[in-house]
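Notes for the one structure printed next.
Atom set for the values below is all heavy atoms of this structure, side chains included, hydrogens, waters and symmetry mates excluded. We name chains A, B, ... by the order of the sequence lines, and we start the count at 1 in each one.
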Protein chains: 2
Amino acid sequence: MYLFTNSEGNIILESVKIPESTIERLAIYLRKIEELYDKGYSIISSEKLANVCKVNPAQIRKDLSYFGEFGVRGVGYEISELMREIKRILDTGRVWRLALVGVGNIGSAILRHKNFYKRGYNFIAAFDIDPQKIGREVIQGIKVQPMEELEDTVKRLNIEIGVITTPSTSAREVCRALVNAGIKAILNFSPIFLRSRKGCIVENMDFTIKLDNLAYHLCQLEGKNFSK
Amino acid sequence: MYLFTNSEGNIILESVKIPESTIERLAIYLRKIEELYDKGYSIISSEKLANVCKVNPAQIRKDLSYFGEFGVRGVGYEISELMREIKRILDTGRVWRLALVGVGNIGSAILRHKNFYKRGYNFIAAFDIDPQKIGREVIQGIKVQPMEELEDTVKRLNIEIGVITTPSTSAREVCRALVNAGIKAILNFSPIFLRSRKGCIVENMDFTIKLDNLAYHLCQLEGKNFSK
DNA sequence: GCCTGTGAATCCATTCACAGCT
DNA sequence: AGCTGTGAATGGATTCACAGGC
């Protein structure tokens with residue numbers, strides 16, 4: 001924290017701004033550290049961890065230093081402690097309640113995917129507009145509900161994160177419905193770019209944008225170069 | 001382009017370095033512009049486009065200026081021209097040949113997904129280690145092949161992009177196999193972070209990392225704040 | 001008058017380099 | 001001696017602000 005004095009002469013407190021990329025890296029470190037922990041390692045230095053995560057050692061130390069002092073000078077970081085701390089920072093390790101909207105190919109694959117559950121992301125409701133799909137039990141314990149029940153269910157089950165896997169045509173509308181229902185965080189798989197707004201953070205995962213990226217870089221490798 | 005003189009006194013040519021984020025944004029602009037084009041618009045200013053893409057107008061002008069002068073001062077950008085130019089820059093608009101490795105839940109959902117095809121990303125082969133899956137026709141025209149056939153098929157069909165949808169345990173090994181087969185670009189959906197290497201670019205799409213991000217920000221909203 | 005294209009200024013993230021602790 | 005924690009330096013990307021063309 002920093003102390004400042006504002007125009008009225010009052011002392012104000014301001015948190016250090018933490019880069020978005022730091023948060024993303026913490027999640028990556030965590031996965032590596034869990035792996036090392038499972039293999040029985042107990043201590044790691046920023047240099048060693050940097051090697052396996054392919055980043056700069058100072059980067060790791062700085063990233064961690066935003067949140068406290070977790071290491072021992074001259075020694076390194078205790079793996080179990082570091083794991084606990086990063087989990088606390090990211091508030092992973094607790095169980096989150098998710099709802100999915102759009103039970104198509106991708107939607108049902110995600111519901112069936114084990115990784116989410118393993119990391120504490122539990123789908124507890126699924127919605128669709130297609131009357132054919134409503135009532136169907138996609139996975140154990142989750143029946144597809146109609147959109148009309150969304151707001152009520154979200155509130156009743158205290159759902160915290162919404163996942164959009166609808167076609168692009170309905171993505172915006174679904175986003176609005178989720179926000180109205182009080183959802184504060186959305187993971188959007190549709191190819192419509194949805195923007196975070198006050199009180200609701202959106203992460204976009206348009207696969208084809210990543211492919212466009214790869215395509216561009218392939219061109220560069222081939223030596224075609226359109227830049228000035 | 002810039003002209004420099006190196007230590008031996010020779011004049012060397014160096015391209016302006018284009019930020020990675022510029023490429024990502026061009027893909028986003030393109031999607032919006034296509035939408036506008038379909039709606040029949042013909043001219044747009046950087047300010048208007050910035051509004052719908054939620055970025056700074058100068059950002060759009062600078063991003064485009066890396067590649068040429070596509071606008072008309074006092075008027076704006078002609079939508080059909082801009083669309084053509086961005087497609088040329090990203091080399092989208094041509095058809096790319098992809099192979100998928102790991103025909104599980106996510107893998108088969110991706111193969112069945114129409115969006116990839118629509119944007120010129122055509123899956124023309126799929127691989128798995130599971131003998132149960134081999135020979136099965138997941139989608140029209142694509143039969144699951146054993147891993148042993150990967151190198152040969154990639155070379156014969158001139159496959160350019162590899163998509164990894166295996167469990168994390170085999171992701172690294174599959175990556176190596178793809179690189180060996182001559183693949184230059186990989187989209188990795190497994191939760192193992194794969195690093196780009198010389199001659200092969202990797203884009204990672206670990207969904208759970210994005211969820212960890214959302215979880216962190218939800219915490220912030222709730223007012224729990226662990227930073228110093 | 002309006003909107004692009006772009007050097008200059010600003011803002012933000014990463015890396016260096018070293019003081020401080022064990 | 002070794003490795004963390006962090007201010008300072010560097011390096012990039014974004015935004016400003018205005019000259020230049022329609």
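The side-chain hydrogen bond (donor to acceptor under 3.5 Å, both in side chains) analysis of residues 39-56 of chain A, with sequence neighbours excluded, yields the pairs A/Ser46-A/Arg61.
The interatomic distance linking A/Arg73 (CZ) with D/dC3 (P) rounds to 14 Å, in whole Å. Distance A/Phe70 CZ to D/dT6 C1': 15 Å, rounded to the nearest Å.
With sequence neighbours left out, A/Glu34 forms a salt bridge (Lys or Arg N to Asp or Glu O under 4.0 Å) with A/Lys87, A/Arg119. Taking B/Lys184 as the reference, A/Leu218, A/Leu221 meet the side-chain contact (heavy atoms from CB on, under 4.5 Å) condition, with sequence neighbours excluded. The ring pair (Phe, Tyr, Trp, His ring centres under 6.0 Å) search around A/His113 returns A/Phe116, not counting sequence neighbours. For the side-chain contact (heavy atoms from CB on, under 4.5 Å) test, residues two or more places apart in sequence or in another chain that qualify with B/Phe193 are A/Ile28, B/Arg195, B/Asn204. Every side-chain contact (heavy atoms from CB on, under 4.5 Å) that B/Val95 has, sequence neighbours left out, goes to B/Asn122. Annotation: salt bridge (Lys or Arg N to Asp or Glu O under 4.0 Å) contacts of A/Glu160 (sequence neighbours excluded): A/Arg94, A/Arg97.
In the region residues 20-32 of chain A, proximity to DNA chain C at under 4.0 angstrom, judged on heavy atoms, holds for A/Ser21, A/Arg25. Proximity of residues 46-63 of chain A to DNA chain C (heavy atom under 4.0 angstrom from any strand atom) is restricted to A/Asn56, A/Ala58, A/Gln59, A/Arg61, A/Lys62. Interface residues of residues 75-85 of chain A facing DNA chain C, ordered by number: none; criterion, heavy-atom separation under 4.0 Å.
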Stepwise, does the side chain to side chain donor-acceptor pair (under 3.5 Å) test hold for A/Ser190 with A/Arg172?
-> CA-CA 9 Å; A/Ser190 91; A/Arg172 227 183 296 272; over 6 Å; no
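For the helix from C/dG1-D/dC22 to C/dT22-D/dA1, the end axes, each set by the C1' atoms of five terminal pairs, are bent relative to each other by 0° (nearest 10°).
Ion pair A/Lys32/A/Glu35 flagged as a salt bridge, since at least one NZ, NE, NH1 or NH2 atom sits closer than 4.0 Å to an Asp/Glu carboxylate oxygen.
Positionally, the nearest nucleotide of DNA chain C for B/Ser45 lies more toward the 5' end than for the other of A/Val72 and B/Ser45.
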Just the table, please: protein N/O against nucleotides 9-12 of chain C N/O, every pair under 3.5 Å.
none

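Side-chain contact annotation: A/Ser80 with A/Glu78, donor-acceptor N/O pair under 3.5 Å present.
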